[in-house]
Structure formats: C-alpha cells, structure tokens
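One structure below.
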Number of protein chains: 2
Amino acid sequence: MPGTVQSIERAAAILRMLAGGPGRLGLGEIARSLDLAKGTVHGILRTLQHVGFVEQDRVSGHYQLGAALLHLGTSYLDINDLRSRSINWADPLAARSGEAVRIGTVLQGRVLVVHHVFRPDDTFQTLDIGALLPLHATALGKVLLAYRAARPGASLDRFTHRTVVGARELAADLDRVREAGWATDIEEYTVGEAAVAAPIRGYGGLVVGAIGISGLVERICDNRYRPHPRLVGYVRDAARAVSRDLGAARH
Amino acid sequence: MPGTVQSIERAAAILRMLAGGPGRLGLGEIARSLDLAKGTVHGILRTLQHVGFVEQDRVSGHYQLGAALLHLGTSYLDINDLRSRSINWADPLAARSGEAVRIGTVLQGRVLVVHHVFRPDDTFQTLDIGALLPLHATALGKVLLAYRAARPGASLDRFTHRTVVGARELAADLDRVREAGWATDIEEYTVGEAAVAAPIRGYGGLVVGAIGISGLVERICDNRYRPHPRLVGYVRDAARAVSRDLGAARH
DNA sequence: GAACGCCGTTCGGCATTGTCGAACACCGAC
DNA sequence: GTCGGTGTTCGACAATGCCGAACGGCGTTC
C-alpha cells in the first residue's frame with residue numbers, strides 16, 4: 001500500500017497482536033511474529049508506552065495494552081452514529097422481546113458489538129460491547145455478510161455441531177437471508193443459544209449494521225426449531241426504526 | 001524524548017485530539033493545532049484509516065475515531081488486573097451501600113474509570129467506564145493525588161461553587177486524605193452529588209487505584225454535610241479487600 | 001458570474017528519521 | 001559454569017516519511 005506510514009502500520013499490528021493474545025506478550029515473541037528486528041520493535045513499543053497505548057510489566061518485562069486505549073475506545077462509542085441512533089430503539093426491543101439486544105457492525109472480517117442491552121430478567125450477564133464475533137456463525141454476522149460485499153474468511157471455524165462451515169451451504173443460507181430480510185443463528189455459535197437479526201440501513205440504503213436479539217433456544221424458537229414470528233417481527237420493526245433514524249440523520 | 005518514533009507520537013496526538021473534540025475534525029484543523037504540514041497529517045490519517053483507527057465521513061471529508069479502537073479498549077479491560085480483581089468486591093459494595101460504585105486509576109493527569117457498578121435502584125444511569133474525570137474535584141481523584149507523586153494540572157478547573165481550586169486549599173485537603181485514609185467530594189464536581197473513595201494498594205503497598213461510591217448528597221451525607229461513617233466503612237473495607245487480592249495476585 | 005477562501009488530496013526532492021543487527025546486561029535453569 | 005532466554009542500548013546506513021507547493025472541488029461572497 002503506497003503512501004502509508006510504515007511505522008504506524010507496524011504499531012497497529014503490534015496493538016492488534018496484544019489485543020488478540022490473552023495477556024502479556026514478550027518483545028522477542030512480537031518481533032518474531034512480525035518478522036522485525038528486536039531493536040525496531042523495542043523502539044515502537046517504547047513510543048507506544050510513552051503515549052499510554054501499552055504498559056510494561058515491571059517484573060517480567062512483558063508488554064500489554066495500555067489504559068489510554070480504553071478512553072479512545074469509549075470516545076468512539078460517543079461519536080458512533082449507528083450506536084447513538086439505535087440506543088433509543090434497543091431498550092424497547094429488549095422490553096418487548098424479553099431478550100438481550102445487540103447491535104453490530106463489520107470490523108476486519110468479524111462482527112463488532114457496538115451496543116448491548118441486557119435481558120430484562122436479573123440473571124448475571126457480561127457486557128459484550130467491543131467484542132468481536134464471527135460473521136458466519138451469528139445472526140448479526142449473517143445479516144452483515146448477506147448485504148455487504150465483504151466475504152467471510154477463507155476458513156470457517158466450527159464452534160458447535162450446528163455451525164455452518166461449508167462455503168456452499170453458507171451461500172445458500174445467505175440467499176435465504178436476503179430473500180427473507182432477516183437471519184437466524186440456532187445453536188451455531190453457542191450450544192443452547194439462538195438469535196434473530198435484521199439489517200440496519202444508513203444513508204442511501206446501504207447496510208451499515210445489524211440489530212438482533214439472542215437468548216436460550218427454547219425461548220427464541222418454537223417446537224419446530226423456528227424462531228417465533230412475533231420475535232422476528234419485533235426485530236425487523238426495530239431495524240426499520242433505526243434505519244429511518246439513520247437516514248433522516250443525514251442532512 | 002530520545003529514541004522515540006516520531007510518526008507514532010504524532011498519530012497518537014491526532015487520536016487524542018479526535019477523542020477530545022466532540023466529533024469529527026477536519027484535516028486542516030488538525031494540522032494547524034499540531035503545527036504540521038497538511039500533507040504530513042494526511043499521510044498519517046490515511047494510515048490510521050487503513051488500520052481502522054479513524055474513519056472518514058464521505059460527505060464532509062472530516063475524520064473521526066474508528067471502530068478498531070473500541071475492540072482495543074475493551075481488550076484492555078480484559079487484561080487489567082486492577083479491574084478484574086475489583087469486580088468481585090464492587091458488587092457487594094454497591095449492594096451494601098445502595099450506591100453506584102466506580103473504580104479509577106490515573107491516566108494523563110486525570111482519573112480513568114475502569115469499572116462501574118450501577119446503583120441498585122432502577123433509575124436510569126449511563127455507563128462511565130472509559131470516562132476521564134478531574135483529579136482535584138472527585139473523591140477518586142483526590143485519593144490518587146494524595147498517594148501518588150502525580151501533581152494536579154497547573155490550572156484547577158472550577159465545576160461547581162464548591163470545587164476546590166486553590167492550590168494551598170487542595171494541598172490541605174490532600175493532607176487530610178492521607179491522614180484519614182479516605183477522601184470525599186461533596187458537590188465539588190456535580191451539584192447535588194457526593195462521593196467517598198479509598199485507595200487500592202498493589203504490589204509493595206503502592207497505590208494503583210481507587211474505589212468509591214457516589215450518589216445524591218442527601219443519601220451519602222448526614223445533616224452536618226459529613227459522609228455517613230457506615231458508608232465510609234464499607235468503602236474502606238472494599239478497598240482493603242481489593243488490595244489484599246491484588247497483593248496476593250503477584251507471584 | 002467570477003473571484004475568493006477553504007476543503008482534502010497529490011506529488012517530487014531533500015535530509016531527517018527510523019530501521020537494522022550486533023553487542024550488552026540481566027535472569028533462571030539445566 | 002554455561003547456555004538460552006529475556007529486554008535494552010548503540011552506531012551506521014539509507015530508506016523513509018516529512019515538507020511545501022500546486023491541484024481540483026465546493027460554497028460563499030461580492
């Protein structure tokens with residue numbers, strides 16, 4: 001890619017690597033993975049540390065993500081049009097459906113969760129905002145796949161015995177999504193969980209995100225393993241409402 | 001600062017600027033603020049866009065923060081020791097005190113909120129995680145100021161008529177904090193709100209963060225405008241519990 | 001309607017800048 | 001003691017990314 005600043009791309013690659021791995025990473029490990037000299041990586045890491053994007057563990061010397069990123073990440077949430085427009089509609093959807101609501105958009109071949117409303121009951125739930133989900137195994141992801149040029153990654157990871165991993169099978173699934181205007185995921189990502197999602201369209205009718213509900217299969221689906229039409233209606237209504245907001249937002 | 005990568009520092013400065021301003025920023029505006037050539041800034045922005053750290057509005061051409069930062073930010077939360085150790089203690093504190101609980105640490109002269117438990121009642125509240133609060137006008141901030149070398153910024157912003165803006169006055173306040181082992185903020189940041197906080201100590205007794213509760217003055221304080229001793233006790237207990245966890249966490 | 005100011009973008013030349021690789025100091029384990 | 005593993009420093013080279021001027025659109029202004 002011409003006209004791009006090399007050191008910044010490398011810094012971003014390091015940050016992505018730190019975000020991927022489950023914790024601290026050593027300098028040598030990073031240098032080896034990116035095929036760079038240790039000295040080079042050290043210089044970049046020192047700079048990233050200086051600006052607060054990474055921190056170094058005093059005892060092991062290993063590096064991890066830094067606190068400044070948290071503020072940048074939440075600042076992104078404040079600006080995001082998709083999120084701000086959907087907040088008003090996500091709460092009613094959760095209330096009417098009785099399920100958790102999530103809103104996602106595409107990031108680097110995965111679904112980025114930009115908003116999350118907990119299921120109305122009082123069960124313990126963890127906040128999914130900022131999480132990355134697979135495109136091919138979630139209802140949100142299938143919607144985004146179906147309406148965007150983005151193709152799924154070459155290898156379709158299997159998460160459960162129901163995950164669609166065949167390219168041909170997935171393509172047929174996506175055709176159905178385009179035809180119906182909504183997508184499902186029934187125990188394809190997590191056993192016992194199902195989800196329904198519909199596309200959110202922005203300026204010019206382009207699909208910019210997806211909104212959906214998720215919960216236990218027995219609540220989402222009827223005895224024929226199909227989602228309740230009532231729930232599908234709620235989700236589609238919410239998606240349309242957000243789309244209208246988003247289209248009107250553009251002057 | 002020698003041995004630091006110039007372009008990365010500049011990229012970070014741009015990101016910080018985008019996070020500070022309330023939305024999109026123009027290229028010229030950024031270039032002027034940072035005293036750089038427009039071409040230079042453009043190259044950096046193009047790279048940041050390429051890695052997903054910034055996005056560009058098609059119609060105005062202006063730049064804003066990108067989605068990739070959200071995932072990096074939440075990944076930081078997953079790693080953060082202070083946060084993960086305090087989660088177990090924050091919920092009981094909220095339940096016992098009946099108030100919202102927040103945990104903060106120092107970032108660039110301000111308090112970064114790394115964890116937030118809502119007040120147990122069902123009133124509408126917004127998640128503060130990732131927010132940056134002033135050091136001198138919040139209970140969390142005063143604790144961090146009192147026990148860390150970090151000095152407050154040169155100018156102490158005034159938020160309410162009770163905000164402590166005199167350097168001398170603040171120093172006396174911090175002395176009291178060190179002596180008592182906890183800090184308060186009574187309508188110094190937001191009118192009608194008060195807070196109590198205590199220090200969290202990590203490996204070697206160093207103060208690495210603060211935990212505190214906040215809510216309406218009439219609930220936090222008695223009729224003499226002093227926080228209820230019962231609540232102070234709860235906060236200090238929680239702070240000690242987290243500190244113990246954190247100290248034990250180091251192998 | 002033409003001239004102006006502003007926007008983001010492109011491009012080529014110069015030298016500043018960041019890269020590299022080897023050498024260093026440290027730690028723990030075999 | 002030695003070896004393999006950290007993270008770190010340093011100096012030399014040239015590749016790299018900076019700068020500034022020029023470009024093409026837009027909207028406003030006169």
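Naming convention: chains lettered A, B, ... in sequence-line order (proteins, then strands); numbering from 1 in each chain. Side chains are part of it too, since the values below use all heavy atoms of this structure and drop only hydrogens, waters and symmetry mates. Since we're looking at a predicted model, the values are computed, not measured.
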Over how many whole Å does the gap from [X] atom [atom1] to [N] atom [atom2] extend?
X	N	atom1	atom2	result
A/Q6	C/dC20	CD	C1'	11 Å
A/H62	C/dC27	NE2	C1'	12 Å
B/R24	C/dG8	CZ	C1'	16 Å
A/I44	C/dT17	CD1	P	17 Å
B/L36	C/dT9	CG	P	16 Å
A/H42	C/dC24	NE2	P	17 Å
B/L27	C/dT9	CG	P	7 Å
B/D57	C/dC7	CG	P	16 Å

> Got more than 12 heavy atoms from elsewhere within 6.0 Å of CH2, B/W89?
Replying inline: no

Any side-chain N or O of [X] less than 4.0 Å from the OP1 or OP2 oxygen of [N]?
X	N	answer
B/Q49	C/dT9	no
B/R32	C/dC6	no
B/R46	C/dT10	yes

> Within the side chain of B/T160, is there an N or O that forms a donor-acceptor pair under 3.5 Å with the backbone of B/T190?
Replying inline: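 The answer is no, because no donor-acceptor pair under 3.5 Å joins these two groups.
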
> In Å and rounded to the nearest 0.5 Å, what is the OG to CG distance from A/S84 to A/L77?
Replying inline: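 Between atom OG of A/S84 and atom CG of A/L77 there are 10.0 Å.
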
>> Working to the nearest 0.5 angstrom, can you tell me the gap between A/E9 CD and A/I14 CD1?
In response: 12.5 Å

>> What's A/G26 touching, base or sugar-phosphate or nothing? Going by heavy atoms closer than 4.0 Å.
In response: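 Sugar-phosphate: the residue A/G26, judged by heavy atoms under 4.0 Å, touches backbone atoms but no base.
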
>> Regarding B/T40, tell me which of base, sugar-phosphate or nothing describes its non-hydrogen contacts under 4.0 Å with the strands shown.
In response: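 Here B/T40 touches the bases of the nucleic acid.
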
> Which sits closer to the 5' end of DNA chain C, A/D35 or A/K38, going by the nucleotide each is nearest to?
Replying inline: A/D35

>> Please give the distance between the P atoms of D/dA15 and D/dG11 as a whole number of Å.
In response: 22 Å

> Are B/H136 and B/F159 close enough that some pair of their side-chain heavy atoms sits under 4.5 Å apart?
Replying inline: yes

>> Judged by each residue's nearest nucleotide on DNA chain D, which is more toward the 5′ side, A/S7 or A/G28?
In response: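 Taking each residue's closest nucleotide, the earlier one in sequence belongs to A/G28.
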
> Starting at the 5' end of DNA chain D and moving along, which residue's nearest nucleotide shows up first, A/E29 or A/R10?
Replying inline: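 Counting from the 5' end, the first nearest nucleotide belongs to A/E29.
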
> Where do B/I87 and B/R83 land on the side-chain contact (heavy atoms from CB on, under 4.5 Å) test, with the steps shown first?
Replying inline: CA-CA 6 Å; B/I87 284 185; B/R83 174 188 153 88; 4.0 Å; yes

>> Distance under 4.0 Å to a non-hydrogen atom of chain A counts as contact; along DNA chain D, which nucleotides mark the start and end?
In response: D/dT6 to D/dG17

>> Closer than 4.0 angstrom, basic N to acidic O: yes or no for A/D173 and A/K142?
In response: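 A/K142 and A/D173: salt-bridged.
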
